Student: 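Quick one: this structure, given as structure tokens, is what I'll be asking you about.
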Amino acid sequence: MKSASTSDLTGIILAGGLSSRFGSPKAFARYKNQLFYEHARNALCPFVRETVIVSSVDLLPRFSREVKVDVIRDAKEHEGKGPLAGIFSVMKDFVNTWYMVLPCDMPLMNSHAIEKIVSFRRGEIDAVIPKINGRIQPLAGLYKRSLLDKIDCQLNSGDYRMMDLLSQVTVKWVTEIDLDLSPDVFQNVNDQEALNRLSSR
Ligand SMILES: Nc1nc2c(ncn2[C@@H]2O[C@H](COP(=O)(O)OP(=O)(O)OP(=O)(O)O)[C@@H](O)[C@H]2O)c(=O)[nH]1
């Protein structure tokens with residue numbers, strides 16, 4: 001895979017949350033001989049200056065033992081506020097122009113998809129967000145650092161919804177046709193049944 005210019009891009013892997021439906025931390029679930037977070041890391045790697053895993057405080061020791069990339073906890077002021085808090089936390093600590101965000105629970109995600117998504121970045125837009133089979137995928141999108149203050153304000157107001165952020169900013173929506181890939185890539189795994197289905201294909 002040919003790598004694009006990477007200096008203006010930081011990768012974010014969202015790995016906090018409770019994984020209550022899955023029953024154990026999803027980042028450390030296994031698919032095809034790799035842990036879930038490793039699939040995300042490998043997809044991002046060719047295109048980013050660095051990848052940052054953002055997780056809850058209880059998982060930090062486990063990540064630090066296993067991972068040779070940056071791992072941080074959610075910013076204290078927004079802890080427990082969901083994925084938007086994770087994005088905020090990385091933007092705050094790692095200054096860059098663009099952030100390619102992935103959840104830790106999309107093990108079919110690959111570099112081809114990332115290459116396509118980041119190729120849509122332009123100065124005049126705030127985010128590139130996939131709309132796959134008509135379904136918006138805000139956790140697998142590209143976000144501009146200029147959104148940092150807006151995200152902070154929104155989280156402070158008690159509104160943690162990604163869609164409320166996206167409704168206020170300039171978004172380039174991209175479909176599976178624009179991205180030239182199978183919708184399966186965006187399949188996320190929330191429970192053991194979904195993992196079993198994926199593994200038995
Ligand atoms: N950093 C961070 N990531 C989060 C947080 N909440 C969810 N995520 C991540 O966002 C993605 C989607 O999370 P969900 O599956 O909706 O929530 P979850 O808490 O992990 O799982 P459930 O308890 O089953 O709802 C996953 O990659 C999570 O690791 C959070 O508060 N902080």
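Just so it is clear, the structure is predicted and the values come from calculations on it, not from any experiment. Whatever order the structure lists ligands and atoms in, that order sets their numbers, starting from 1.
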Student: Out of Ala40, Ser56, Gly17, Ala15, indicate the one that has the non-hydrogen atom closest to atom 6 (N) of ligand 1.
Tutor: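 Checking each option, the heavy atom nearest atom 6 (N) of ligand 1 is found in Gly17.
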Student: Could you tell me whether some N/O pair between Val54 and ligand 1 is separated by less than 3.5 angstrom?
Tutor: yes
Student: Would Ile125 end up clustered with Ile136 when hydrophobic side chains under 4.5 Å apart are linked, directly or stepwise?
Tutor: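 No, it is not one cluster - the side chains of Ile125 and Ile136 are not joined through contacts under 4.5 Å.
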Student: Is any N or O atom of Leu139, backbone or side chain, closer than 3.5 Å to an N or O atom of ligand 1?
Tutor: no
Student: Taking the basic N atoms (NZ, or NE/NH1/NH2) and the acidic carboxylate oxygens, is any pair closer than 4.0 Å for Arg201 and Asp184?
Tutor: yes
Student: With a 4.0 Å heavy-atom cut-off (strictly under), which part of Pro103 contacts ligand 1: side chain, backbone, both or neither?
Tutor: both
Student: Count the heavy atoms of every other residue, nucleotide or ligand shown that sit under 6.0 Å from CD of Glu193, and state whether that count exceeds 12.
Tutor: no
Student: Can you tell me if Ser19 contacts ligand 1 (heavy atom of the residue under 4.0 Å from the ligand)?
Tutor: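 Yes, Ser19 has heavy atoms under 4.0 Å from ligand 1.
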Student: Out of curiosity, does Ile87 fall in the hydrophobic cluster containing Ile129 (side-chain heavy atoms, cut-off under 4.5 Å, transitive links)?
Tutor: yes
Student: May I ask you to decide if the ring planes of Phe28 and Phe63 are parallel, tilted or perpendicular, using 30° and 60° as cut-offs?
Tutor: tilted
Student: Would you mind finding which of Asp74, Leu14, Ile12 brings a heavy atom closest to atom 1 (N) of ligand 1?
Tutor: Asp74
Student: Where is the nearest protein heavy atom to atom 23 (O) of ligand 1: which residue, which atom, and how far?
Tutor: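 Heavy-atom neighbour on the protein nearest atom 23 (O) of ligand 1: Ser20 OG, 2.5 Å.
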Student: Looking only at non-hydrogen atoms, which of Gly82, Cys104, Ala140, Gly86 approaches atom 31 (O) of ligand 1 most closely?
Tutor: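 Checking each option, the heavy atom nearest atom 31 (O) of ligand 1 is found in Gly82.
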Student: Does any non-hydrogen side-chain atom of Val174 lie less than 4.5 Å from one of Ile132?
Tutor: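 They are not in contact (no side-chain heavy atoms under 4.5 Å apart), so the answer is no.
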Student: Taking the basic N atoms (NZ, or NE/NH1/NH2) and the acidic carboxylate oxygens, is any pair closer than 4.0 Å for Glu176 and Lys131?
Tutor: no
Student: Any carboxylate oxygen within less than 4.0 angstrom of a Lys/Arg side-chain nitrogen, looking at Arg49 and Asp8?
Tutor: no
Student: If I apply the N/O under 3.5 Å rule, does Lys81 come out as touching ligand 1?
Tutor: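 In this structure, Lys81 places no N or O atom under 3.5 Å from an N or O of ligand 1.
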Student: Any N/O of Gly80 closer than 3.5 Å to an N/O of ligand 1?
Tutor: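 Gly80 vs ligand 1: no N/O contact under 3.5 Å.
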Student: Quick one: does ligand 1 sit under 4.0 Å from the side chain of Asn190, the backbone, both or neither, non-hydrogen atoms only?
Tutor: side chain
Student: Residue-level breakdown please: for Lys26 versus ligand 1, do any non-hydrogen atoms fall below 4.0 Å on the side chain, on the backbone, on both, or on neither?
Tutor: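 The answer is the side chain of Lys26.
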Student: Quick one: are Val171 and Val169 in side-chain contact, heavy atoms under 4.5 Å?
Tutor: yes
Student: Pick whichever of Ser89, Ala27, Gly16, Pro83 has a heavy atom sitting closest to atom 29 (O) of ligand 1.
Tutor: Gly16
Student: So do the side chains of Pro138 and Tyr143 get within less than 4.5 Å of each other, counting heavy atoms only?
Tutor: yes
Student: Which atoms form the tightest heavy-atom contact between Lys92 and Arg145, and what is the distance?
Tutor: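 For Lys92 versus Arg145, the nearest heavy atoms are N-NH1, 4.3 Å.
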Student: Check each atom of ligand 1 against the heavy atoms of Asp105 and keep those under 4.0 Å away; list them by number with element.
Tutor: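 In order of numbering, the contacting atoms are 15 (O).
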Student: Please state which part of Leu18 comes within less than 4.0 Å of ligand 1, counting heavy atoms only: side chain, backbone, both or neither.
Tutor: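 Both of them.
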Student: Backbone, side chain, both or neither: what part of Asp191 comes under 4.0 angstrom of ligand 1, heavy atoms only?
Tutor: neither
Student: Please write down residue, atom name and distance for the protein heavy atom closest to atom 16 (O) of ligand 1.
Tutor: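 Heavy-atom neighbour on the protein nearest atom 16 (O) of ligand 1: Arg21 NH2, 3.7 Å.
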